[in-house]
Chemist: 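One structure is given below, represented as structure tokens, and several questions about it will come after.
Atoms considered below: every heavy atom in the structure, side chains included; atoms not considered: hydrogens, waters and symmetry mates. Naming convention: chains lettered A, B, ... in sequence-line order (proteins, then strands); numbering from 1 in each chain.
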2 protein chains.
Amino acid sequence: MTATGAYDPSAYEPFAVTVDLAVLTVRAAAPHVLLIRRGQEPYAGAWALPGGFLLPRESAEEAARRELAEETGLPESLVDGVHLEQVRTYSDPDRDPRMRVVSVAFAALVPDLPEPVAGGDAAQARWVPLAEAEAAALAFDHDRILTDAREQVRAGLEHTCLATAFCPPEFTLGELQAVYETIWDTGLDRPNFRRKVLATPGFVEAVPGGARLTGGRGKPAALYRAGPATALHPPLLRPEDPR
Amino acid sequence: MTATGAYDPSAYEPFAVTVDLAVLTVRAAAPHVLLIRRGQEPYAGAWALPGGFLLPRESAEEAARRELAEETGLPESLVDGVHLEQVRTYSDPDRDPRMRVVSVAFAALVPDLPEPVAGGDAAQARWVPLAEAEAAALAFDHDRILTDAREQVRAGLEHTCLATAFCPPEFTLGELQAVYETIWDTGLDRPNFRRKVLATPGFVEAVPGGARLTGGRGKPAALYRAGPATALHPPLLRPEDPR
DNA sequence: CTCCTTTATAGTCATCGTGACTATAAACAG
DNA sequence: CTGTTTATAGTCACGATGACTATAAAGGAG
């Protein structure tokens, strides 16, 4: 901006500003996205990303977190910890047929947990496999938002520690590897993955007391928590040729 | 969003939407940013990033390119080729004391060329060394926008080919290396840099005819153009300890 | 014209990270 | 007990990279 000249109300046009959320998770070895079914025109009956208008004294980040709580029915304590990052802002003049709407898109990374409770004005909310969501025709320009969000998260796994955002507070290295394999749609060598993660300081830290996860088949795995690191140096590059 | 419910005008608040530009270049072995001096309140007399309001039927990208042309006085032919990328959107309710303004920030990467012509409503426009600009108190939240833009460009050099956006259409590998060294504020080994760039397919391609740049001191250097590649695989990582 | 400096370019060598792979441990299912 | 599954430890070769040396080709100083 912010207006470089005098404050002349005729110099600008008022817009509606919204947030759109690509809420991503990993369940059943496949990436999923939270979609809501629209109840009203336009695009009534179509699937769309959750989102909504900014309140008068609310930043886009605050609005995103509020909408996330409303549309998923998650308790506020959980929503507070969710990893939320801006994707980009969509401002095509014709993206909403009703009026001029500028939308700030966010990607939210959540662990696999609850079936969503349709709240707010969403007629229906559901976890949809990402492949299915991208094949469907979503409302507005949500196809593109979803594609951009997916690509941002895919790339982010290479250079940042945000894969842990998909995991519960305590997790095994096998679960962490499954996140990478699911989001990248590729296979990774288990010993090599382990070596790389443990060699990156601050990526994960062992749960004290030698806690292990039992109950599955196979040898019990050690439990880890997300460490203080945020970036990966050097990066964890995804293989060139997918599985 | 975009409104999930019915179209109820009372359900949303109108905002002003602007773009802010961090126009970056490399000159005299130092990164520079284009700043304008504000003529009116608020922040009259302070330095600020160029920018302005979106027109009624204009996307943020279009507005950014238009403002870039207006505030730099560059010919449209040059502005069309400028690399422009979204940084993020700033929506704090109090970021503009006059009214509610949401701003989409862009980073523009331009080769070292013209001293800007103050156009539009900018009282004065000038290339400012980046270090100086970051030390100064810019108008609004432009300090933070500038910091975010710088960090995005710094990181982008590692994984993408956008360093060529700082170079003229034809350039030497020495010039390209100078871009990296300037933006990263680090020193790079010349033979190693050369080996890495030439080993990355599509990063640069030699100008046909064995064209060389003469006139400087030292052996004439071969000329290259930006290649078709957009990403760097594997990345060109910046050294851990700066110069 | 002859050094000297500067920049470009061609190599070498050791090291480190990584991919591919083998081996062992510890659980559960039959 | 046996086989299957998952976790963890370790080996080996290759490729990318950092550090470094050497040579080529220009201009400038004397």
Chemist: Can B:R195 be said to sit on top of B:F193's aromatic six-ring, NZ or CZ under 6.0 Å from centre and within 45° of the ring axis?
Modeler: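 No, B:R195 does not sit over the ring of B:F193.
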
Chemist: Considering only heavy atoms and no angle criterion, is a donor-acceptor pair shorter than 3.5 Å present between the side chain of A:R195 and the base of C:dG19?
Modeler: yes

Chemist: Report the distance from atom CG of A:D189 to atom P of D:dT8, rounded to the nearest whole Å.
Modeler: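 In whole Å, D:dT8 P and A:D189 CG are 14 Å from each other.
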
Chemist: Among D:dA9, C:dA26, C:dT18, which is the nearest nucleotide to the side chain of A:P220?
Modeler: C:dA26

Chemist: Taking the six-membered ring for Trp, are B:Y180 and B:W184 parallel (under 30°), tilted (30 to 60°) or perpendicular (over 60°)?
Modeler: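 Answer is perpendicular, since the angle exceeds 60°.
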
Chemist: From C-beta outward on A:R190, which listed nucleotide comes closest to its side chain: C:dC21, D:dA7, D:dA26?
Modeler: D:dA7

Chemist: Check the distance between C:dT18's P and A:L188's CG and give it to me in whole angstrom.
Modeler: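 Roughly 12 Å, once rounded to whole Å.
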
Chemist: Once you round it to whole Å, what is the distance between C1' of D:dA9 and NZ of A:K196?
Modeler: 19 Å

Chemist: How many Å lie between CG on B:N192 and P on C:dC13, as a whole number?
Modeler: 15 Å

Chemist: Within this structure, what is the CZ-to-P distance between B:R194 and D:dT21, rounded to whole angstrom?
Modeler: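 For the pair B:R194 CZ and D:dT21 P, the rounded distance is 20 Å.
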
Chemist: What's the separation between atom NE2 in B:H159 and atom CG in A:L237, rounded to the nearest 0.5 Å?
Modeler: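 Between B:H159 NE2 and A:L237 CG, I get 9.5 Å after rounding to 0.5 Å.
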
Chemist: More 5' along DNA chain C: A:L237 or B:E175, using each one's nearest nucleotide?
Modeler: B:E175

Chemist: Separation of A:R238 atom CZ from C:dG17 atom P, in whole Å?
Modeler: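 Computing the A:R238:CZ to C:dG17:P distance gives 22 Å.
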
Chemist: To the nearest Å, how far apart are A:L232 CG and C:dG17 C1'?
Modeler: 13 Å

Chemist: I'd like to know whether CZ of A:R66 has more than 12 heavy-atom contacts from other residues, nucleotides or ligands below 6.0 angstrom.
Modeler: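 Buried by this count: over 12 neighbours within 6.0 Å.
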
Chemist: Please report the distance, rounded to the nearest Å, between CZ in B:F193 and C1' in C:dA8.
Modeler: 14 Å

Chemist: Check every atom of D:dT6, C:dT9, C:dT18 against the side chain of A:K219 and return the nucleotide holding the closest atom.
Modeler: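 My answer, after comparing the listed nucleotides, is D:dT6.
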
Chemist: Mapping B:G218 and B:P234 to their closest nucleotides on DNA chain D, which lands nearer the 5' end?
Modeler: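 By nearest-heavy-atom nucleotide position, the 5'-most residue is B:P234.
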
Chemist: Over all strands shown, is B:A222 touching base, sugar-phosphate only, or nothing at heavy-atom distances under 4.0 angstrom?
Modeler: sugar-phosphate

Chemist: Side chain of A:R217, heavy atoms from C-beta onward: which of C:dA20, C:dA8, D:dT6 has the nearest atom to it?
Modeler: D:dT6

Chemist: Can you check whether A:F171 reaches A:T164 side chain to side chain, under 4.5 Å on heavy atoms?
Modeler: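 Contact flag for A:F171/A:T164 side chains = yes.
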
